[in-house]
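Before any comments, here is the structure.
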Amino acid sequence: METGETIHDKEPHRPPKILANYLVSALDIEDEISNGIYLDYLNPKNWPEGIEPEVFTKIRTRLTVLIEDTKRHKKIIAALTKTPTQTR
């Protein structure tokens, strides 16, 4: 590899249909993470009994940041799926 090259520079370009499928899969993963993990843990019933309210508040704050990041990721991925050939 020459200076400044990455392994991705040596890979053949994937057809747009394959790229679109990867992006759709990524979007599905983002949905699963957001809805199946983060939102579940926002409910104090899903945590051990006796967790201090202050600790849960900190956890909720951090999970909210992750949920908002996931929403942004979903928007980016959704936009990429509309124009997969323009992503290179």
Distance (rounded to the nearest 0.5 Å) between N46 CG and L39 CG: 11.0 Å

Pairwise distance CD1(I29) to OG1(T70) - rounded to 0.5 angstrom: 12.0 Å

Atom pair CD (E54) and OG1 (T57), whose distance is rounded to the nearest 0.5 Å: 7.0 Å

Closest non-hydrogen atom pair between W47 and Y41, with its separation: NE1-O, 2.7 Å

side-chain contact (heavy atoms from CB on, under 4.5 Å) evaluation trace for I37 with L66: CA-CA 11 Å; I37 298 172; L66 292 173; over 6 Å; no

Gap separating the CG atom of L27 from the CG atom of L23, nearest 0.5 angstrom: 8.5 Å

The single option from K74, H73, E68 passing side-chain contact (heavy atoms from CB on, under 4.5 Å) against K71: E68

Minimum heavy-atom distance between R60 and L42, given as atom pair plus value: NH2-O, 3.0 Å

Test log, rule side-chain contact (heavy atoms from CB on, under 4.5 Å), inputs V55 and I59: CA-CA 6 Å; V55 172; I59 291 168; 3.9 Å; yes

